[in-house]
Engineer: 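I'd like to ask you about the structure that follows.
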Amino acid sequence: MVTLMLPRMVDVSAASRRSGSVVERNVAALKSVYWLLLISGFVEPLLYLLSIGVGVGSLVGDLPLPDGRLVSYAAFVAPAMLASSAMTGALAETTFNFFGKMKYMKLYDGMIATPVRPFEIAVGELSWAMLRGSAYSAAFLAVMVALGLTNVAHAVTAFPAAVLVGFAFGGLGMALSTFMRSWQDFDLMGSAQFTLFLFSGTFVPAQAYPTLLHWLIEVTPLYRAVHLIRGVTLGGVGWSWLLDVLYLLVMLAVGLLVASRRMGRLLYR
């Protein structure tokens, strides 16, 4: 038994090191301009929170949650902004940057000449994207605590949920990038991303929409992310969180699988 398991353990360890080397390469390639892009990804959802959550929220008043509790509009919107921030950070890194490295820089063509395999490249790039997404999430949670929109305990619990959201959307973004033919194709993805941002229970409860649209909204990935993080940050309890987590884990697994297989076909042809 030990003899049979040892090679597998060694393979996992070696694969982890090779994926880590992809992350190390990205860290080494950082430039000062890149940090400005990182900051911009955090500022946008923060502006939405302050302008709509706080500004418009003063006119809207309190909103009822499904369990009957009343919360301020800012407290309702803030978790959605956190989920959107995690989505945006992950997608930005695994779509535009990933596509550029693969299609134009031909970076991965050189990587596969080494023992690094497509799946390990995908894991490494996704891990790097999550460093960015996690930074957004941590900073945004700190702002939520400072504004009194959640407490420290709920913020600490919400952080791994936000990381999971980033991983799931990172896997999806990487898979979609392997089907992109040119930069123009990203216009379609941007439109889809903005539609999700507007219609995922972000600014109004999904129950406010007509029944058919309500059901459609509830099966979208950003809605599941918003539902999970909103429940955690507002201190609710429900079995539906398990559905959210399972949904995001399946999305991550499918995204990674599709991305690695597509990369194999594109890089080895």
Side-chain angles (χ1 to χ4, degrees), residues 38-92 130 132-169 193-194 196-209 217-218 220-245 247-248:
L38 293 181
I39 294 173
S40 67
F42 163 72
V43 170
E44 182 178 343
L46 179 60
L47 292 177
Y48 272 109
L49 173 61
L50 295 177
S51 62
I52 297 178
V54 178
V56 177
S58 63
L59 303 175
V60 175
D62 295 339
L63 285 181
L65 296 177
D67 60 6
R69 288 182 298 146
L70 288 177
V71 297
S72 68
Y73 188 65
F76 178 83
V77 169
M81 294 299 99
L82 174 58
S84 300
S85 178
M87 174 189 74
T88 301
L91 285 180
M130 279 321 304
R132 176 176 180 171
S134 298
Y136 289 167
S137 300
F140 200 87
L141 282 167
V143 171
M144 288 177 63
V145 172
L147 293 177
L149 303 177
T150 189
N151 58 43
V152 175
H154 291 157
V156 171
T157 308
F159 180 71
V163 171
L164 174 60
V165 171
F167 265 117
F169 276 99
Q193 183 178 339
F194 191 64
L196 284 178
F197 175 67
L198 294 178
F199 298 99
S200 293
T202 313
F203 300 107
V204 295
Q207 294 79 7
Y209 295 102
I217 288 172
E218 288 198 350
T220 60
L222 185 57
Y223 175 82
R224 302 320 314 181
V226 170
H227 184 267
L228 173 62
I229 295 179
R230 182 173 285 148
V232 174
T233 56
L234 296 180
V237 179
W239 288 102
S240 57
W241 292 4
L242 296 178
L243 175 62
D244 298 332
V245 171
Y247 183 109
L248 294 171

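None of the values given here were measured: they were computed from a predicted structure. Computed over heavy atoms, backbone and side chain alike; hydrogens, waters and symmetry mates excluded.
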Engineer: Do you know which two heavy atoms are closest between L49 and A74, and how far apart they sit?
Structural biologist: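 Looking at all heavy atoms of both residues, the shortest contact is CD1-O, 4.0 Å.
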Engineer: Are F199 and L222 packed together at the side-chain level, in the sense that at least one heavy-atom pair is separated by less than 4.5 angstrom?
Structural biologist: no
Engineer: Going from CG on L82 to CZ on F140, what distance comes out if it is rounded to the nearest 0.5 angstrom?
Structural biologist: 6.5 Å
Engineer: So, for I217 and A206, which heavy atoms are closest and what is the spacing to 0.1 Å?
Structural biologist: CG2-CB, 4.1 Å
Engineer: Looking at CG of L243 and NE2 of H227, how far apart are the two atoms once the value is rounded to the nearest 0.5 Å?
Structural biologist: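 So the CG of L243 and the NE2 of H227 are separated by 8.5 Å.
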Engineer: Is there a side-chain contact between Q193 and T88, using heavy atoms and a 4.5 Å cut-off?
Structural biologist: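 They are in side-chain contact.
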Engineer: Working note: L149 + T233, criterion side-chain contact (heavy atoms from CB on, under 4.5 Å); need CA distance, chi angles, decisive distance, verdict.
Structural biologist: CA-CA 8 Å; L149 303 177; T233 56; over 6 Å; no
Engineer: Please say which of L70, D62, L63 ends up in a side chain to side chain contact (heavy atoms under 4.5 Å, CB included) with F76.
Structural biologist: L63
Engineer: Can you name the side chain to side chain donor-acceptor pair (under 3.5 Å) partners of N151, sequence neighbours left out?
Structural biologist: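 Side chain to side chain donor-acceptor pair (under 3.5 Å) list for N151, sorted by chain: H154.
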Engineer: Could you measure the distance from the CD atom of E218 to the OH atom of Y223? Nearest 0.5 Å is fine.
Structural biologist: 4.0 Å
Engineer: Which heavy atom in Y209 sits nearest to a heavy atom in L198, and how many Å separate them?
Structural biologist: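 Result for this residue pair: OH-O, 4.0 Å.
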Engineer: Which residues pass the ring pair (Phe, Tyr, Trp, His ring centres under 6.0 Å) test with F197, sequence neighbours left out?
Structural biologist: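 By the ring pair (Phe, Tyr, Trp, His ring centres under 6.0 Å) rule, F197 matches Y48, F203.
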Engineer: Which heavy atom of A86 sits nearest to which heavy atom of V165, and what is that distance?
Structural biologist: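 For A86 and V165, the tightest heavy-atom pair comes out as CB-CG1, 4.1 Å.
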Engineer: Can you give me the closest heavy-atom contact between M144 and A78, atom names plus distance?
Structural biologist: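 What the structure gives for the nearest pair is CE-CB, 3.8 Å.
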Engineer: May I ask you to test the S51-V56 pair for a side-chain heavy-atom distance under 4.5 Å?
Structural biologist: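 A side-chain contact is absent here, since even the closest heavy-atom pair is not under 4.5 Å.
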Engineer: Taking only residues two or more places apart in sequence or in another chain, which ones pass side chain to side chain contact (heavy atoms under 4.5 Å, CB included) with V156?
Structural biologist: V152
Engineer: Write down the atom of L234, the atom of V71, and the distance for their closest heavy-atom approach.
Structural biologist: CD1-CG1, 4.3 Å
Engineer: So, taking the atom named CD1 in I229 and the one named OG in S137, what distance separates them when rounded to the nearest 0.5 Å?
Structural biologist: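 Rounded to the nearest 0.5 Å, the CD1-OG separation comes to 6.5 Å.
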Engineer: State the CZ-OG distance between R224 and S200, to the nearest 0.5 angstrom.
Structural biologist: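 Going from CZ on R224 over to OG on S200, the span is 10.5 Å.
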Engineer: Any chance you could measure F169, atom CZ, to L164, atom CG, to the nearest 0.5 Å?
Structural biologist: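 Between F169 CZ and L164 CG, I get 10.5 Å after rounding to 0.5 Å.
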Engineer: Check for a donor-acceptor pair, side chain of S84 on one end and backbone N or O of A80 on the other, with a separation under 3.5 Å.
Structural biologist: yes
